[in-house]
Trainee: 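Handing you this structure, nothing more for now.
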Protein chains: 2
Amino acid sequence: MAKDISEPINVPQAYLAKLLQPLVKENIVSSVRGPKGGFYMDDENLEKTVIDIIFVIDSEEKFSSCMLSLDKCNEENPCPLHNILVASRNDIFQQLKEKTIRELAHEVALGNAFLPL
Amino acid sequence: MAKDISEPINVPQAYLAKLLQPLVKENIVSSVRGPKGGFYMDDENLEKTVIDIIFVIDSEEKFSSCMLSLDKCNEENPCPLHNILVASRNDIFQQLKEKTIRELAHEVALGNAFLPL
DNA sequence: TTTTTAAGATGATTTATATCATATATTGAA
DNA sequence: TTCAATATATGATATAAATCATCTTAAAAA
Ligand code: FES
Ligand code: FES
């Protein structure tokens with residue numbers, strides 16, 4: 001239930017619920033209403049990645065736009081930070097795109113990562 | 001002058017000036033008032049790094065706090081994203097800490113990087 | 001010395017984000 | 001079939017970030 005997720009991570013329940021709604025709509029999270037209801041992830045959901053979530057909640061631009069917010073900059077006209085940062089940004093993007101929620105959950109199950117849930 | 005910087009990068013002049021003030025106070029940027037005045041960087045300023053700027057404008061936490069904003073997480077209790085992202089984050093931090101403004105300006109002078117100024 | 005130009009300081013306003021509130025829809029259980 | 005529990009939807013409010021406005025201070029030039 002929203003409450004079970006929101007409380008341990010100190011996010012207001014209503015706000016979490018609002019954030020989850022577009023994820024349900026985009027089939028990244030599943031839900032059932034009523035008693036014994038709540039949010040869950042089915043087999044298909046678990047194959048989604050962190051990037052899938054980011055693209056729904058925020059936007060695709062986070063990983064493609066200039067890190068100095070210069071709108072005329074791109075790979076051909078790189079800003080001074082581009083060359084020193086773009087490799088790391090791409091690494092992060094790749095990691096978030098490759099890693100499925102299932103894999104992340106597995107790490108938690110193995111005790112290699114922790115969640116306050 | 002603030003105007004000469006703000007216009008080409010589409011940042012309101014008054015807002016840019018406000019952002020520059022703490023940088024002047026922290027001796028990262030220099031300024032002179034009056035006619036022919038404006039902002040500039042002296043020899044000492046040019047040895048400052050991007051991290052110096054970030055620490056003044058934003059805060060140190062950006063590079064040390066949990067990327068899932070979990071307050072109980074740290075190196076011993078890593079969240080699921082920690083392991084896959086922390087290396088890249090540290091890379092970015094190192095780059096921003098090592099690179100001086102002088103070096104970045106040199107890249108622009110060489111034509112390896114571009115600024116709309 | 002006066003005027004003009006630009007930064008410095010401060011507070012108000014706007015805009016975006018986060019949070020709160022309330023009403024509706026769905027489902028399991030009594 | 002009714003009730004209670006929980007997600008869904010929508011709008012209002014609060015907080016933070018960005019932007020605007022106004023005044024003061026310093027310095028160059030006339
Ligand atoms: S052009 Fe600025 S980060 Fe790529
Ligand atoms: S514990 Fe979350 S990023 Fe390090």
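Values reported hereafter were calculated over all heavy atoms of this structure, with side chains retained and with hydrogens, waters and symmetry mates removed. Bear in mind that the values here come from a model prediction, so they are computed numbers and not experimental data. In what follows, chains carry the letters A, B, and so on, assigned in the order in which the sequence lines appear, proteins first and then strands, with residues in each chain numbered from 1.
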Trainee: Could you state the CD1-C1' distance from A/I5 to D/dT6, rounded to the nearest angstrom?
Mentor: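 Roughly 13 Å, once rounded to whole Å.
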Trainee: Specify the separation, in whole Å, of atom CD of A/E7 and atom P of C/dT19.
Mentor: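 Roughly 15 Å, once rounded to whole Å.
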Trainee: Going by heavy atoms in the side chains, are A/K48 and A/T100 under 4.5 Å from each other?
Mentor: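 With C-beta onward as the side chain, the pair stays apart.
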Trainee: Under 3.5 Å, is there a donor-acceptor pair linking the side chains of A/D91 and A/S88?
Mentor: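 There is no such pair (donor and acceptor under 3.5 Å, judged by atom type) between the side chains of A/D91 and A/S88.
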Trainee: Would you say the side chain of B/I53 lies within less than 4.5 Å of the side chain of B/I28, judging by non-hydrogen atoms?
Mentor: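 Counting from C-beta outward, B/I28 and B/I53 do come under 4.5 Å.
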Trainee: When you group the ILVMFWY residues by side-chain heavy-atom contacts below 4.5 Å and let the links chain together, are B/L23 and B/L117 in the same group?
Mentor: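 Yes: a chain of side-chain contacts under 4.5 Å links B/L117 to B/L23.
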Trainee: For DNA chain D, what residues of residues 10-21 of chain A have any heavy atom nearer than 4.0 Å?
Mentor: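 Contacting residues: A/K18, A/Q21.
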Trainee: What residues in residues 28-44 of chain A put a non-hydrogen atom under 4.0 Å from any atom of DNA chain C?
Mentor: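 Those residues whose heavy atoms fall under 4.0 Å from DNA chain C, taken from residues 28-44 of chain A in numerical order, are A/R33, A/G34, A/P35.
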Trainee: Would you mind listing every side-chain hydrogen bond (donor to acceptor under 3.5 Å, both in side chains) that reaches into residues 107-117 of chain A, with sequence neighbours excluded?
Mentor: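 Passing the test, one end in residues 107-117 of chain A: A/E107-A/N112.
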Trainee: Quick check on the hydrophobic clustering: are B/I84 and B/L68 connected, directly or via other members, by side-chain heavy-atom contacts under 4.5 Å?
Mentor: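 Same cluster: B/I84 reaches B/L68 through Ile, Leu, Val, Met, Phe, Trp or Tyr contacts under 4.5 Å.
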Trainee: Send over the distance from A/K62 NZ to C/dT17 C1', rounded to a whole Å.
Mentor: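 Checked: the NZ to C1' distance equals 11 Å.
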Trainee: Can you tell me how far P of C/dA6 sits from CG of B/D4, to the nearest Å?
Mentor: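 For the pair B/D4 CG and C/dA6 P, the rounded distance is 8 Å.
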Trainee: How close or far is atom P of D/dT8 from atom CE of A/M1, stated in whole angstroms?
Mentor: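 In whole Å, D/dT8 P lies 14 Å from A/M1 CE.
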Trainee: Expressed in angstrom and rounded to an integer, what is the separation of B/L23 atom CG from C/dG8 atom C1'?
Mentor: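 About 14 Å, once rounded to whole Å.
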Trainee: Should A/L85 and B/V86 be regarded as members of a common hydrophobic cluster, given that ILVMFWY residues are connected when their side-chain heavy atoms come within less than 4.5 Å of each other, either directly or indirectly?
Mentor: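 No, no single cluster joins them.
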Trainee: Is it true that B/L46 and B/V108 fall in one hydrophobic cluster, defined by side-chain heavy atoms closer than 4.5 Å?
Mentor: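 Yes, B/L46 and B/V108 fall within the same hydrophobic cluster.
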